[in-house]
Amino acid sequence: MRDLLKFTGFKLALAITLGFCLLKGSLDLGRFRDNFLTDFLDLVEMKVLDSKLNVRGKMPHSERVVILAADEKSMGTFGQWPWSHKVFADIMEKLTAAGVKVVGFDIIYAEPDTSDVACRRIFGRLAAVEGPEKAAALEKEVDETYGCGVNDTRFGEALSKSPAVLGYFFFTQEEEVRSLEKSSYLDGVKVVEPSRINIVRISPNAPVSVPTMVGVRVNIPEVSAGSSRMGYFNQIPDRDGLYRSVPMFFKFADNFYPSLSLATLQVALNGNIKVDIGTQAALEEGKMAKLMVGDKEIPLDDTLRFIVKYYGPSKTFRHLSAVDVWNGAVRAEDLKDKIVLFGVTTVGVFDLRPTPFESEGYPGVEIHANVIENILSEDFQTRPNMIIVLELVIMLVLGVVFGLLLTRLKLQYGAILVVVITLAFFVVDFQLFYKNGLHTKILLQGLQAVILLIGISVFRYFTEERDKTRIRKTFSTYVTKSVVEEVLRDPTKLQLGGQKKVLTVFFSDIRGFTSISEKLKPEQLVHQLNEYLTPMTNLVFKHEGTLDKYMGDAIMAIFGAPLDQPDHAARCCATALDMMDELKVLRASWKERGLPEINIGIGINTGEMIVGNMGSDVKFEYTVIGDNVNLGSRLEGVNKEYGTNIIISEFTQAQIAGQFAVRELDLIRVKGKKEPVKTFELVSRGMPTPEQQTYISTFEDGLKAFRTQKWEAAAALFAKSDGMRPGGDPPSKRYLERIEYLKENAPDADWDGVWVMKTK
């Protein structure tokens, strides 16, 4: 019961995770709106989305949508904005003749052509002077010759012969119309009414409402007469001023009206627009609203806006200069069946909008182009309702996983894994965004990971890590680091007792240490011994062995405990070879300083041993005991018999076969053992070189001859192997001595070739 009530790091992780889940659920369900926290989190989520777009960069798209730009080049020909409506009439005639699919105007013609107004003013004055009849006749002649006074009408006629969608804008707030005459913003109701959305189904219990407009500004009657197909070009920014989504329809005077993008698509697809808001059909599909144009469904977010999937910075879509179309520089085949959007892109006309790609300078008309291309290609940036549930599940799973990692592993390893998993989560999220257009909100998951990491780190510092630091400092002085870490993971290992395990034991000893000690002063002896023991101990630790003890000049080590190491025999052998390499470096240094050279012998054996804490309740040590430990110690001494440095048993050889070069030395019966043991000299890592293989094979052939008492053949082979080694081969020399002895002292009839060791 006490364990259940005990507050742990994992319980802290669950508490933090539950808090984040409640916060996210409340935010997504709209429990907290229009407050600092919501505004801040939404703003950061927007910036995260912006960063995804910028990392993704420019994306390919079809060439179905082009921008017809009132750009700087056109301004140089037609003068400053606004241009004469005669220019627009000429351009519309060219576009219609080229066979465009539809032309959408991100422009409003709210004022008559200035030249038309000027002509009427001039002829009005002329009538007052010359008389109405003479003035009318002259006006007719000028109109027929120069078109003066009929540019508005001509533009309207050009529109009537084309697939054009006119633009207009709504007044969204009462403040915008407070100083205006009602006729200036309400008389346009009849003008825009033919463009209303006819198929609208809305539930009285709809969970969202459609923004209602307070007034409208439309084109002049001559232009409006040219087309009843219209769409508003209002674009409403997010709270930070950037344009990330667009309203696809508004409510005005009890009707629903399409945006310019939606109206243009309706013409291009020759289909109806259908709106369902809060209806059973929409809710059954998990949507608050459903918008269709023709057979294309347009996903909306929970505010009835369309999230724009930008294809890149400005001019990602093809821009055609208006003057190039006007003067015929653009080929008709480059316009045929295109969706053309006419807009102003020059600086100073105030239709440049900040977007995730550009803080300024992005043409508003190109936002419409992105929307149309998204819908035509069904290439959306969506956030389905189910993603909220999935995000909550992911948050819960990450909380549990992070809690386990941060409380079960060493803090630095747990922290690294948490960071790696979090980064992997962000990478997967980006891939879903890049490939599937899935818009997820991952800010809270990132904050959750940070809070979990900080919270559990602080908790562990003041509880578990504080205790472990004390234990580590205390015991690291006496035992190897691996033992300390094992004790920290399982404090019960501080108790007395042991277990049987297959391990590899290592023994090394300095040859002739007594005679060396007699030549040196005590302080010199201790210094040289420290110079030897320090790097040799480090090599044991390098291969994750456990230093058992020092016995004067001897080293005893264990491989495979307390840490499980399936390759413990290979680790031990690698340690021995590294020690011989290190010894060469030390010898060179000692020779320069006039210190005696040191040679060592190493014995290695693998087998079942008892490992654990041995001793008394007052003092104990982590060590191994058993016959196989004794055999390892005996093998270290056997090196003296053969003049070798490293001898391993047949049991170790079976574990490392194919990983190290060895040669069989002898069958020996060590003191205190009845059964003979096959011994091997450890030569080097990997397979033998050709030179090594030659003398190893020759030596082992000599062994075969020796064991069958073919003395002459054996002697010849050992003499040969002796000559193959620079400076001679001590084991070969030893066998040559034995052969001479056995020639004179023939072995018994039951001789089995085993050499009996008389000493330890």
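A quick note: this is a predicted structure, and the numbers were derived from the prediction, not measured.
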A.B. asks: Should L320 and D334 be marked as a side chain to side chain contact (heavy atoms under 4.5 Å, CB included) after you check the CA-CA gap, both sets of side-chain angles, and the distance that decides it?
C.D. replies: CA-CA 10 Å; L320 301 175; D334 291 335; 5.9 Å; no
A.B. asks: What I want to check is whether the side chains of S74 and D71 have a donor and an acceptor closer together than 3.5 Å.
C.D. replies: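 Yes, side-chain donor-acceptor contact under 3.5 Å.
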A.B. asks: Got a sec, which residues hit salt bridge (charged side-chain N to carboxylate O under 4.0 Å, His left out) with E297, two or more places apart in sequence or on another chain?
C.D. replies: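 Salt bridge (charged side-chain N to carboxylate O under 4.0 Å, His left out) list for E297, sorted by chain: K287.
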A.B. asks: Got a donor-acceptor contact below 3.5 angstrom from the E366 side chain to the T316 backbone?
C.D. replies: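 The answer is yes, because a donor-acceptor pair under 3.5 Å joins these two groups.
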A.B. asks: Look at the rings of F433 and F430 and say which category their plane angle falls in: under 30° parallel, 30 to 60° tilted, over 60° perpendicular.
C.D. replies: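 Tilted.
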A.B. asks: Are there more than 12 heavy atoms of other residues, nucleotides or ligands under 6.0 Å from atom NZ of K94?
C.D. replies: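 More than 12 within 6.0 Å, yes.
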A.B. asks: Which atom pair, heavy atoms only, marks the closest approach of G399 to A13?
C.D. replies: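 Closest approach of G399 to A13: O-CB, 4.3 Å.
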A.B. asks: More than 12 heavy atoms of other residues, nucleotides or ligands under 6.0 Å from NZ of K315: yes or no?
C.D. replies: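 Incorrect, the count does not exceed 12.
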A.B. asks: Which atoms form the tightest heavy-atom contact between N54 and P356, and what is the distance?
C.D. replies: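 What the structure gives for the nearest pair is ND2-O, 3.0 Å.
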A.B. asks: What is the minimum heavy-atom distance between G231 and V165, and which atoms define it?
C.D. replies: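 Where G231 meets V165 most closely, the heavy atoms are N-CG1, 4.0 Å.
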A.B. asks: Under the 3.5 angstrom rule, does the side chain of R305 hit a backbone N or O of I236 as a donor-acceptor pair?
C.D. replies: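 Judged by distance alone, yes, a pair lies under 3.5 Å.
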A.B. asks: Atom CH2 of residue position W83 - does it have more than 12 heavy atoms of other residues, nucleotides or ligands inside 6.0 Å?
C.D. replies: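 Yes - once you tally the heavy atoms of other residues, nucleotides and ligands closer than 6.0 Å, there are more than 12.
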A.B. asks: For residues G414 and L409, report the shortest heavy-atom separation together with the two atoms involved.
C.D. replies: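 Smallest heavy-atom distance, with atoms named: N-CB, 4.2 Å.
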A.B. asks: Which atoms form the tightest heavy-atom contact between D106 and G343, and what is the distance?
C.D. replies: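 D106 and G343 have their closest heavy atoms at CB-CA, 4.3 Å.
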A.B. asks: If you draw a 6.0 Å radius around CZ in F256, do more than 12 non-hydrogen atoms from other residues or ligands fall strictly inside?
C.D. replies: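 Correct, the count exceeds 12.
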A.B. asks: Any chance CD of E181 has more than 12 other-residue heavy atoms, nucleotides or ligands included, within less than 6.0 Å?
C.D. replies: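 Not more than 12 within 6.0 Å, no.
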A.B. asks: Could you tell me whether F155 and Y109 have their ring centroids closer than 6.0 angstrom?
C.D. replies: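 Yes, the ring centres sit under 6.0 Å apart.
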A.B. asks: If you look at every heavy atom in V189 and A253, which pair is closest and at what distance?
C.D. replies: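 Heavy-atom minimum between the residues: CG1-CB, 4.2 Å.
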A.B. asks: When you compare the side chains of N219 and S224, does any donor N or O come within less than 3.5 Å of an acceptor on the partner?
C.D. replies: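 No pair is found: no donor N or O on one side chain lies under 3.5 Å from an acceptor on the other.
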A.B. asks: Taking the six-membered ring where the residue is Trp, are the ring centres of Y362 and Y310 under 6.0 Å apart?
C.D. replies: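 Between Y362 and Y310, the centre distance is under 6.0 Å.
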A.B. asks: How about Y232 and Y257: are their ring centroids closer than 6.0 Å?
C.D. replies: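 Between Y232 and Y257, the centre distance exceeds or equals 6.0 Å.
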A.B. asks: Angle between ring planes, Y311 versus F317, binned at 30° and 60°: parallel, tilted or perpendicular?
C.D. replies: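 Answer is perpendicular, since the angle exceeds 60°.
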A.B. asks: Can you give the donor-acceptor pairs under 3.5 Å from side chains of residues 190-204 to other protein atoms, not counting sequence neighbours?
C.D. replies:
{"residue": "S195", "atom": "OG", "partner": "V192", "partner atom": "O", "Å": "2.6"}
{"residue": "R196", "atom": "NE", "partner": "N198", "partner atom": "OD1", "Å": "3.4"}
{"residue": "R196", "atom": "NH1", "partner": "E193", "partner atom": "O", "Å": "3.1"}
{"residue": "R201", "atom": "NE", "partner": "D276", "partner atom": "OD1", "Å": "2.8"}
{"residue": "R201", "atom": "NH2", "partner": "D276", "partner atom": "OD2", "Å": "3.1"}
{"residue": "S203", "atom": "OG", "partner": "N205", "partner atom": "N", "Å": "3.1"}

